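Owing to the predicted nature of the structure, the values given are computational and were not obtained by experimental measurement.
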Amino acid sequence: MTTAIPLWITHPACTRHEMGPGHPESIARLHAIHDRMNASGLLPMFRQAIAPLAPREALVRVHEPKLVDYLLAAKPPEGSYLRIDADTALNTYSVEAAQAAAGAVMLGVDEVLAGKTRFAFCAVRP
């Protein structure tokens with residue numbers, strides 16, 4: 001029965017998003033979660049899924065359209081950052097990672113509501 005199998009949702013872009021040296025929101029968090037789940041023997045029990053990228057239409061349901069459009073158009077050159085505020089910067093992969101994070105949550109909710117799984121874990125960032 002597939003509903004008994006938990007769902008693990010992630011996306012490769014989430015490992016490429018980073019906001020510069022020393023920032024507390026880092027890939028180390030995802031690595032630590034993955035490593036602990038694997039060491040405990042739990043990770044193999046999950047059905048794996050790659051998150052779809054959330055479309056603009058879904059993002060503007062919860063964020064101002066101007067903000068969504070600004071961020072979707074933002075893509076700093078490789079090796080550089082675009083500072084959004086004092087705590088937030090984007091690199092080349094940040095927008096894709098954010099779309100994947102939102103898409104993961106959307107997929108997880110859809111799978112639970114459809115009765116395909118009892119719970120989903122979204123291993124994503126930012």
Side-chain angles (χ1 to χ4, degrees):
M1 174 179 242
T2 59
T3 58
I5 301 171
L7 181 60
W8 178 278
I9 309 168
T10 193
H11 192 281
C14 295
T15 65
R16 295 189 299 259
H17 159 71
E18 56 96 11
M19 296 196 298
H23 197 282
E25 201 291 303
S26 75
I27 185 58
R29 180 175 62 84
L30 278 187
H31 288 313
I33 293 167
H34 183 274
D35 292 350
R36 184 66 187 135
M37 291 292 290
N38 202 36
S40 71
L42 291 173
L43 190 59
M45 297 177 185
F46 281 71
R47 179 169 50 101
Q48 306 287 310
I50 299 295
L53 300 184
R56 179 191 181 278
E57 297 74 31
L59 299 172
V60 298
R61 289 182 193 150
V62 294
H63 297 288
E64 289 293 324
K66 285 182 180 182
L67 174 63
V68 171
D69 292 339
Y70 171 75
L71 291 174
L72 289 176
K75 188 168 186 179
E78 186 75 39
S80 66
Y81 301 95
L82 173 63
R83 187 86 26 213
I84 300 299
D85 61 29
D87 293 324
T88 310
L90 303 178
N91 76 349
T92 303
Y93 307 101
S94 298
V95 172
E96 181 183 13
Q99 283 183 276
V105 173
M106 292 168 59
L107 175 61
V109 168
D110 288 347
E111 293 279 311
V112 169
L113 291 178
K116 295 179 181 178
T117 188
R118 289 188 185 166
F119 71 91
F121 183 84
C122 300
V124 296
R125 50 188 289 275

J.: Quick one: does H11's side chain have a donor or acceptor within less than 3.5 Å of a partner on G103's backbone?
T.: no

J.: State yes or no: do L53 and V95 share one hydrophobic cluster built from I, L, V, M, F, W and Y residues joined by side-chain heavy-atom distances below 4.5 Å, directly or via other members?
T.: no

J.: When you compare the side chains of E18 and Y81, does any donor N or O come within less than 3.5 Å of an acceptor on the partner?
T.: yes

J.: Would you indicate whether the side-chain heavy atoms of R83 and L90 approach each other to under 4.5 Å?
T.: no

J.: Considering non-hydrogen atoms only, spot the tightest contact between G108 and A120 and give its length.
T.: CA-CB, 3.8 Å

J.: Within the 3.5 Å criterion, strictly below it, is a donor on E64 or Y70 matched to an acceptor on the partner's side chain?
T.: no

J.: Restricting to side-chain contact (heavy atoms from CB on, under 4.5 Å), what partner residues turn up for A123, sequence neighbours left out?
T.: W8, T10, L30, F121

J.: Would the distance check show the side chain of R125 and the main-chain N or O of H17 forming a donor-acceptor pair, the cut-off being under 3.5 Å?
T.: yes

J.: Are the side chains of P52 and L107 in touch, meaning some heavy atoms are under 4.5 Å apart?
T.: yes

J.: Any carboxylate oxygen within less than 4.0 angstrom of a Lys/Arg side-chain nitrogen, looking at E111 and R47?
T.: yes

J.: Ion pair present between R56 and D69, side-chain N to carboxylate O less than 4.0 angstrom?
T.: yes

J.: Would you say V109 ends up clustered with I5 if hydrophobic residues are merged whenever their side chains have heavy atoms under 4.5 Å apart, either directly or through other cluster members?
T.: no

J.: Is any side-chain heavy atom of L72 less than 4.5 Å from a side-chain heavy atom of Q99?
T.: yes

J.: Could you measure the distance from the OG1 atom of T88 to the CG atom of L82? Nearest 0.5 Å is fine.
T.: 10.5 Å

J.: How close do T92 and P76 get, heavy atom to heavy atom, and via which atoms?
T.: OG1-O, 2.8 Å

J.: Closest heavy-atom contact between A102 and A54?
T.: CB-CB, 3.7 Å

J.: Side chain of N91, backbone of S80: donor and acceptor closer than 3.5 Å?
T.: no

J.: Using every non-hydrogen atom in the two residues, find where H34 and L43 come nearest and quote the distance to one decimal.
T.: NE2-CD2, 3.2 Å

J.: Please report the closest heavy-atom contact between A13 and A97, naming both atoms and the distance.
T.: O-CB, 3.5 Å

J.: Identify whether the distance between the nearest side-chain nitrogen and carboxylate oxygen of R29 and E25 falls below 4.0 Å.
T.: yes

J.: Is M37 reachable from M45 through a run of hydrophobic residues whose side-chain heavy atoms are each under 4.5 Å from the next?
T.: yes

J.: Can you find a pair of side-chain heavy atoms, one from V124 and one from I9, that are under 4.5 Å apart?
T.: no

J.: Same hydrophobic cluster for L67 and I84, using side-chain heavy-atom links shorter than 4.5 Å among ILVMFWY?
T.: yes

J.: Are M106 and I50 in one and the same hydrophobic cluster, where Ile, Leu, Val, Met, Phe, Trp and Tyr link if side-chain heavy atoms are under 4.5 Å apart?
T.: no

J.: Answer yes when E96 and K75 have at least one side-chain N-carboxylate O distance shorter than 4.0 Å, and no when they do not.
T.: no

J.: What pair of heavy atoms forms the shortest contact from S94 to A89, and how long is it?
T.: OG-O, 4.2 Å

